[in-house]
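First up is the structure itself, then whatever we jot down about it.
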Amino acid sequence: MSDQKLATNALHAGHDVTANGGARAVPIYQTTSYVFNNSDHAANLFSLQELGFIYTRLNNPTNQILQERLAAVEGGIGAVVFASGTAAIATGLLTLLKAGDHVVASSSLYGGTYNLLSVTLPRLGITTTFVDASNPDNFKDAVQDNTRAFFVESLGNPKLDVLDLEAIAEHSKAAEVPFIVDNTVATPALLNPIKHGANIVIHSLTKYIGGQGTSLGGAIIDAGTFNWANGKFPEFTEPSAGYHGLKYHEVLGAASYTFKLILEGLRDFGGAMSPTNAFNIIQGLETLPVRIKQHSENALELAKWLEAQDEVAWVNYPGLESSKYNALAKKYLPKGQSGIVTFGHKGGFDAAKTIADETQIFSLLANIGDTKSLIIHPSSTTHQQLDEAEQASAGVSTDLIRLSVGIEDIEDLKADLKQAFAKI
Ligand SMILES: *Cc1c(COP(=O)(O)O)cnc(C)c1O
């Protein structure tokens, strides 16, 4: 599969029709567990002498197809799916880190991820230094002896900052720590972080990959490129007390992290994806390349239209010439810049609330990446737990409106915003 192109892999990778009774669509294996041939077979599965299905918290045939497909479209050697993007991020970090470890992260992150790193993980002794990611050298300057990961979003939500992934990857290489990239907003159809030096890619599948707003899901894709035997990750080289004394790196080599996510991350934290959600997300992934093209075209046209409206104070979209991230967008997102647009109305905070309340096609809700258009005022909703300085470093001003531009007819979307502006 690996030499086929992305749109082909999105439709076919991981699904062997002959192994599934000729079913053209991926079947839903709605089962919790799998019958062993006998006790020796069970023992072999538990000790990894043989690979196979044991229990759906660890793996499932439907989930497995989604995993192989995600690895194919991102260019990784393996992938693991989770109940949500948040479960993927939390399990991914807790599988790598222990008390006393440190992360360097972009300050422009999804609100939930920012809280995990700034409030919850410090309670477990894992600390984070947040840096302005627009200067890649800030990552190098924040590295400490105990730094064990860099964490960024390739296209920040909701700041829409495009990062210079290659420059940050150089610093992570020098620091000998894995470079983790949340690629949710860009999607693998527009950007493959592994090609630019990422070691680990994370997705909330809930957004563009699922695409229809029906199912939560998350994934970690392992590039297989990080050297876990560099002395900084003894849990990968020493016998694992948590798994029969397994020495991950010695036995599993490049696939060590993928297996640790399953054998310890899913086993101990339990954030498994339901097979029915895996099926729903597979339906989305199959059409991702055509949908994201339309999302990107609509978003660019709407951003240009907003720029031309007298009552609009500012517009942020990386595809606009006026965006300070336009040069990086040309390098990293040449096929399109995805569907998120932010803007401010001259009427400020109050106007933003009115617009979010009065649109009829754009639904007021806390999600992105649906085929249907969505709107939210982050300052009063998704980011309200943060103080004004934290909101500012996350790219949220009090007047900011975030649009997730859907694939409806663009003229209807313009008309909807125009009638909402008239209500101010
Ligand atoms: C939504 C989102 C998440 C969290 O994913 P859930 O599936 O909602 O748990 C993480 N990162 C980004 C960039 C997101 O947009």
Side-chain angles (χ1 to χ4, degrees), residues 63 66 70 74 79-94 103 105-118 120-121 128 130 133 149 151-163 165 180-191 193 198 200-221 265 269-274 277-278 280-281 284-285 288 292 295 299 318 332-333 337-342 365-370 374-376 378 381-383 385-386 394-396 400 402-405:
N63 296 22
L66 176 57
L70 288 166
E74 278 291 16
V80 181
V81 293
F82 297 86
S84 68
T86 302
I89 293 168
T91 311
L93 291 174
L94 289 170
V103 178
S106 164
S107 60
S108 167
L109 292 177
Y110 176 71
T113 307
Y114 185 85
N115 268 296
L116 173 71
L117 292 170
S118 65
T120 305
L121 289 184
T128 293
F130 294 97
F151 191 101
V152 305
E153 291 176 12
S154 51
L155 180 53
N157 174 14
K159 193 173 183 180
L160 304 180
D161 47 331
V162 184
L163 301 198
L165 296 177
I180 306 174
V181 178
D182 180 335
N183 196 34
T184 298
V185 178
T187 86
L190 298 175
L191 170 67
I200 296 167
V201 176
I202 294 190
H203 281 283
S204 167
L205 305 170
T206 314
K207 314 297 171 51
Y208 289 104
I209 292 181
Q212 315 252 315
T214 64
S215 307
L216 290 171
I220 298 181
I221 296 103
F269 298 115
M273 175 181 278
S274 105
N277 279 2
N280 291 340
I281 289 163
L285 178 54
L288 174 71
I292 202 68
H295 280 291
Y332 288 102
L333 294 160
Q337 299 80 42
S338 195
I340 313 298
V341 176
T342 61
L365 56 75
N367 191 20
I368 58 168
D370 198 319
L374 315 173
I375 188 167
I376 202 154
T381 56
T382 52
H383 284 64
Q385 303 98 317
L386 308 183
V396 174
L400 180 145
R402 185 185 72 193
L403 302 176
S404 173
V405 182

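Read the numbers this way: they start at 1 and go in the same order the structure lists the ligands and their atoms.
- Between Val162 and Gln337 the shortest side-chain heavy-atom distance does not fall below 4.5 Å.
- Taking every heavy atom of Asn157 and a limit of under 4.0 angstrom, the matching atoms of ligand 1 come to 15 (O).
- At the top of the distance list for atom 2 (C) of ligand 1, counting protein heavy atoms only, stands Lys207 NZ, 2.4 Å.
- The shortest N or O to N or O distance between Val185 and ligand 1 is not under 3.5 Å.
- Looking only at heavy atoms of the protein, atom 13 (C) of ligand 1 is closest to Asp182 OD2, 3.4 Å.
- Here the side chains of Thr128 and Leu121 are not in contact, with every heavy-atom distance at 4.5 Å or above.
- Every heavy atom of Ala88 sits 4.0 Å or more from the atoms of ligand 1.
- Listed for the Thr187 side chain is a donor-acceptor partner under 3.5 Å among the backbone atoms of Ala189.
- Heavy atoms of Leu109 come nearer than 4.0 angstrom to ligand 1 in no pair at all.
- The N/O atoms of Ser204, backbone and side chain alike, include one that comes under 3.5 Å of an N/O atom in ligand 1.
- Ligand 1 places these atoms under 4.0 Å from at least one heavy atom of Glu153: 13 (C).
- The part of Ile89 lying near ligand 1 is the side chain, judged by heavy-atom distances below 4.0 Å.
- Atom numbering of ligand 1 starts at 1 in the shown order; those under 4.0 Å from a heavy atom of Gly85 are 5 (O), 6 (P), 7 (O), 9 (O).
- Taking all atoms of both residues into account, the shortest heavy-atom contact from Ile209 to Pro188 is CD1-CD, 3.8 Å.
- Looking only at protein heavy atoms, the nearest one to atom 8 (O) of ligand 1 is Tyr110 OH, 3.9 Å.
- Ser204 and Thr206 share a side-chain donor-acceptor pair at under 3.5 Å.
- With a 4.0 Å cut-off on non-hydrogen atoms, Ile368 touches ligand 1 through its side chain and not its backbone.
- You'll find the side chain of Asn183 stays beyond 4.5 Å of the side chain of Ile221, heavy atoms only.
- When non-hydrogen atoms are compared, ligand 1 lies under 4.0 Å from the side chain of Thr206 (C-beta onward) but not from its backbone.
- Every atom of ligand 1 with a heavy atom of Gly217 under 4.0 Å away is listed here by number and element: 7 (O).
- At least one donor-acceptor pair under 3.5 Å links the side chain of Asn63 to the backbone N or O of Met273.
- Geometrically, Lys207 engages Tyr110 in a cation-pi contact defined by less than 6.0 Å to the ring centre and at most 45° from the axis.
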Run Leu285 and Leu205 through side chain to side chain contact (heavy atoms under 4.5 Å, CB included) and show every step you take.
CA-CA 9 Å; Leu285 178 54; Leu205 305 170; over 6 Å; no
